[in-house]
Asks: 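My structure is below; once you've seen it, I'll send some questions.
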Amino acid sequence: MKCLSKWAIVIFCVIAVSLAVGCAAPATPEAPTATPPPAATPTPPPPPPTPAPEEIPRGGTLTMGMWEDPGTNLNPYFGFTIHYWMAPALQRLIGRDPDGNPYPVLATEIPTLQNGGVSEDGKTITYNLREGVKWADGEDFTCEDVKFTFEAVKNPDNQVGSRLGYTSVETVECPDPLTAVVKYSEFYAPWMTLPLFVIPEHILSQYDSWNDVDWNQYLLGTGPFYVTENVSGDHVTFEKNPYYWEEGKPYLDKFIIRYFPSREAGLALLEAGEIDIFFDLTEADMAPYIDKPGVVIYSAQGNAMERLVLNQSVPTGPNHGNPDYPHPILGDLQVRRAIELAIDKQAIVDDLLYGLATVATSEYPRGWAADPTLEPSEHDPEQAMTLLKEAGWIDEDGDGIRECHGCLYAEEGTKAELSLNTTTLKLRELVGSFLVENLGDVGILVHFETRTPTELWGIWEEGGNGTQGTFDIQMWTDFTPIDPQDSMYNKYHSSQIPLSATECGACWNYERFANEEFDRLMEENAAEPDMEVRKENFQRIWRIIQEELPVIYLYNRGQISVLNDYVKGYLGPWDEPDPFEYLTTYLQDFYLEK
Amino acid sequence: MTSYIARRLLQSIPLLLGISVLVFALLQIIPGGPLGHYMRVQGANPEDIERIRHQLGLDQPAPVQYLRWLSRWLRGDWGKSYITRESVRELIAFRLPNTLLLLGCSFTLALIVGISAGIVAAVKQYSLLDNLLTIFSFIGFSVPVFWLGLIMILIFTVRLNWLPGGGMYTLGEPFSLTDRIRHLAMPVLAAALYNAGIYSRYLRSSLLEVINLDYIRTARAKGLRERVVLFRHAARNALIPLVTIVAMDLPYIFGGAVLTETIFSWPGMGRQFWKAALDQDYPVLLTMVMIVSTAVVVFNLLADIVYAVLDPRIRYD
């Protein structure tokens, strides 16, 4: 009897505890609207007045944390890795200011048709190079370095990620040490973006190929710092370039990049003062740092935006991805318009991104080819519902989901059901559930599912949904380089639709977008040396995309970093963050005020 | 015994080869592949992808790729990472010692703490001490290491400023033993807790089994001191199941602890393994698998030898 009651007590306790724990756990994930939005969109702090050069404190070590570790190989041409690491060491001929306009770095002026730097047919570009520039080992920077850079990228023995553009370079000549003449075999519209960085001829020309050289780990360039220590997966140390060409700079002695595979751990160290900057965060990480004293949020809004990629071809069956077989629901432009009207983009920006982003309107919000008059879409669910009804999508059985009754492409009775795929990122999951709600309100049922990067963007033979056209809607961020020519062509030209593993199996036109006017304008731009004409064409192109809706733009992404407020000078020569360069491009202007 | 060991070692060679074939085949079957890394979002266009595919030898049929890899591997050329182009050998040469240091210390700590706690708990069964140790053991293997790691950083680095929050040593300063120990403290503790909890439970229950057997009662009746009874007679037999478990766990010190290394920014094998798996970086993955498989084979052999030492009834011919 005694034993039995003791056991009864034990069993009762176990059940009670598990019930308590089970009920205490939240049943559903936090709904987006539960997070109270900040009182107002935080205004960026006014840029600090630039002190006179004599007053700037010199010396010190700046430590930057990042979570992405590229391996010890820092050669910018090897793969497609992002170039933050090289920016303190290597420089280029032409840079970009915050508006996307070119400014001369290692060149002394921008070559144009007017000043004769660009020939009439656009195929010969003449650069006047800056005098007095030295590599970090004291050697002079000359035209030979520019020539070597182009030739090295074209050299088939060299490991190179992308030769796009360089293959059109026929020769580079050096009439004198400070003049470089680059001759293209055919006009390459984005010529200003080449070369990516100038590399030292006197160091690298002695090797047959750059594949295994030490220089890849110990970058040395014309920039304000050069690499002295490179420890795999742990950190990279840069020391000041004693021969740097800008008078009196850099102010810092040392710059260290440390890798933190866990963003949370890295941010904790930022608070503890062990690191000074944490680089490349997302808007969702920013919540604890808004209005926090001692900390500055640096957000460079460039041409990266999150968008919904809409498949206009049928996603299933033997003809998946074939542009001649339209998607039963998304093939109809009215439906795509209705979807866009149903989405409250401003609410996403305000509530989920803490006002740190802006609503996106085009593939190219800033820069020389942008159209500032483009308007974002309205949030108008009533109009959306009207459009859907007119398009033949009506909810006759009253279950809240529309069916096709006289719609354009689907069979009678097909339900308006779509799947939305994206990567596993907390922010995307929040936006996803927000969109499910928005579209559910107008009668479209959306299933939100995460996918691996290979499933989203893999090439056809690896089963990529995008290339194979086996998706409805994908959501991810893409960016547009400062010269949109190649990028827009690869993304939206009708010749870039993936048709099979061997026909364009790695191409980018996932939407199966085919618009004659777009195609024509892109082809014109490829051959047009006059930047004004190209700009007009691009501005028409942004409108075509807004009208035809192969994609729905959601919000512009910024390159976000968090800095302790004793780090100064990070804006370089500008008043605002430069989204077209890297945070470390202006490292020569950074100083510490402690 | 020597012939037994030699036989086992010889048997392990076809075993390891078989593992490499299996892993290679699995990698081919998994959708994706190293080319998946060169995605459109980074600017890779179709011609570049074709060129890279050829360069990496991925356009060859799978058996050819395998044989080429194997012949190079046996000659000591472990290849280069498909993604970062670093030599795999250098990558591992750097990371393996870091992981061995971290996990070696943590296993040692876990064993010491686990065995002591297990013995005390068994000897003082049902006492308050036993209950407390049981509770701590359960907490030890229930608490997720990434949560524990972050909490430790929050308390000891951010709030108290006692210990550094990551990395192996303070940058820019000359080598200092105290500095290294301070950097090791938190990750070793975080990684050891789980194993300490498990080992103490196993040892407690196996010791309890042994302690009530007749021959222990005989030893006590002979008048031996309790300590001799415990360590000379009981522990030897109680340790045998623990040897099995430790032998299964030890190969992991070669493979790394991904979560611990991630939280504490420790540049080790675990993190690299994870990255290589995600990127489908075959050379790195295959080499790491071979290393861990070799460790498994060696440690299992060692465990069998230790059994023979502990228990005279076990003999191999």
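Residue numbers begin at 1 in each chain, while the letters A, B, ... track the order of the sequences.
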Asks: Specify which of B/Q272, B/E261, B/E90, B/R53 makes the most heavy-atom pairs with chain A at under 4.5 Å.
Replies: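 Among B/Q272, B/E261, B/E90, B/R53, the one with the most close pairs to chain A is B/R53.
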Asks: For A/R263, is it the side chain, the backbone, both or neither that has a heavy atom under 4.5 Å from a heavy atom of chain B?
Replies: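 For A/R263, neither part sits under 4.5 Å from chain B.
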Asks: On a heavy-atom basis, which atom in B/P267 and which in A/S232 lie closest, and how many Å separate them?
Replies: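 Residues B/P267 and A/S232, closest heavy atoms: CB-O, 3.7 Å.
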Asks: Which answer fits A/Y259, side chain, backbone, both or neither, if we ask what part of it has an atom under 4.5 Å from a heavy atom of chain B?
Replies: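 Only the backbone of A/Y259 comes within 4.5 Å of chain B.
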Asks: Can you tell which of A/E461, A/K254, A/Q496 has the highest number of heavy-atom pairs within less than 4.5 Å of chain B?
Replies: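 Maximum pair count with chain B is reached by A/E461.
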Asks: Taking only heavy atoms into account, what residues of residues 150-163 of chain B are found under 4.5 Å from chain A?
Replies: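 From residues 150-163 of chain B, the residues near chain A are B/L150, B/I153, B/T157, B/V158.
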Asks: So do A/D69 and B/K275 actually touch side chain to side chain, heavy atoms under 4.5 Å?
Replies: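 Yes, close enough: below the 4.5 Å cut-off.
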Asks: Give a yes or no on this: more than 12 heavy atoms of other residues, nucleotides or ligands lie within 6.0 Å of atom CZ of B/F94.
Replies: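 More than 12 heavy atoms, drawn from other residues, nucleotides or ligands, come within 6.0 Å of this atom.
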Asks: Is it the case that more than 12 heavy atoms not belonging to B/F175 sit under 6.0 Å from its CZ atom?
Replies: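 More than 12 heavy atoms, drawn from other residues, nucleotides or ligands, come within 6.0 Å of this atom.
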Asks: Between A/P261, A/A268, A/G71, A/A272, which shows the greatest number of heavy-atom pairs under 4.5 Å with chain B?
Replies: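 Option with the greatest count: A/P261.
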Asks: Crowded around B/F273 CZ? As in, over 12 foreign heavy atoms under 6.0 Å?
Replies: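 Atom CZ in B/F273 is packed in, count exceeds 12.
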Asks: B/G166 and A/L269: which non-hydrogen atoms are nearest, and at how many Å?
Replies: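 In this case the closest contact between B/G166 and A/L269 is N-CD1, 4.3 Å.
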Asks: Can you tell me if CH2 on B/W274 sees more than 12 non-hydrogen neighbours from other groups inside 6.0 Å?
Replies: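 Not buried by this count: 12 neighbours or fewer within 6.0 Å.
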Asks: Can you tell me if CZ on B/F136 sees more than 12 non-hydrogen neighbours from other groups inside 6.0 Å?
Replies: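 No, the 6.0 Å shell around CZ holds no more than 12 heavy atoms from other groups.
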Asks: Please round to the nearest 0.5 Å and tell me the distance separating atom OG1 of A/T61 and atom CG of B/L171.
Replies: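 A/T61 OG1 to B/L171 CG: 10.0 Å, rounded to 0.5 Å.
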Asks: Please determine, among A/E271, A/E264, A/R163, A/E455, the option with the most heavy-atom pairs under 4.5 Å with chain B.
Replies: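 Option with the top pair count is A/R163.
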Asks: Residues in disulfide bond (SG atoms under 2.5 Å apart) with A/C504, at least two apart?
Replies: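 Residues passing disulfide bond (SG atoms under 2.5 Å apart) with A/C504: A/C507.
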Asks: So what's closer than 4.5 Å to chain B heavy atoms on A/D212: side chain, backbone, both or neither?
Replies: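 Just the side chain, heavy atoms under 4.5 Å.
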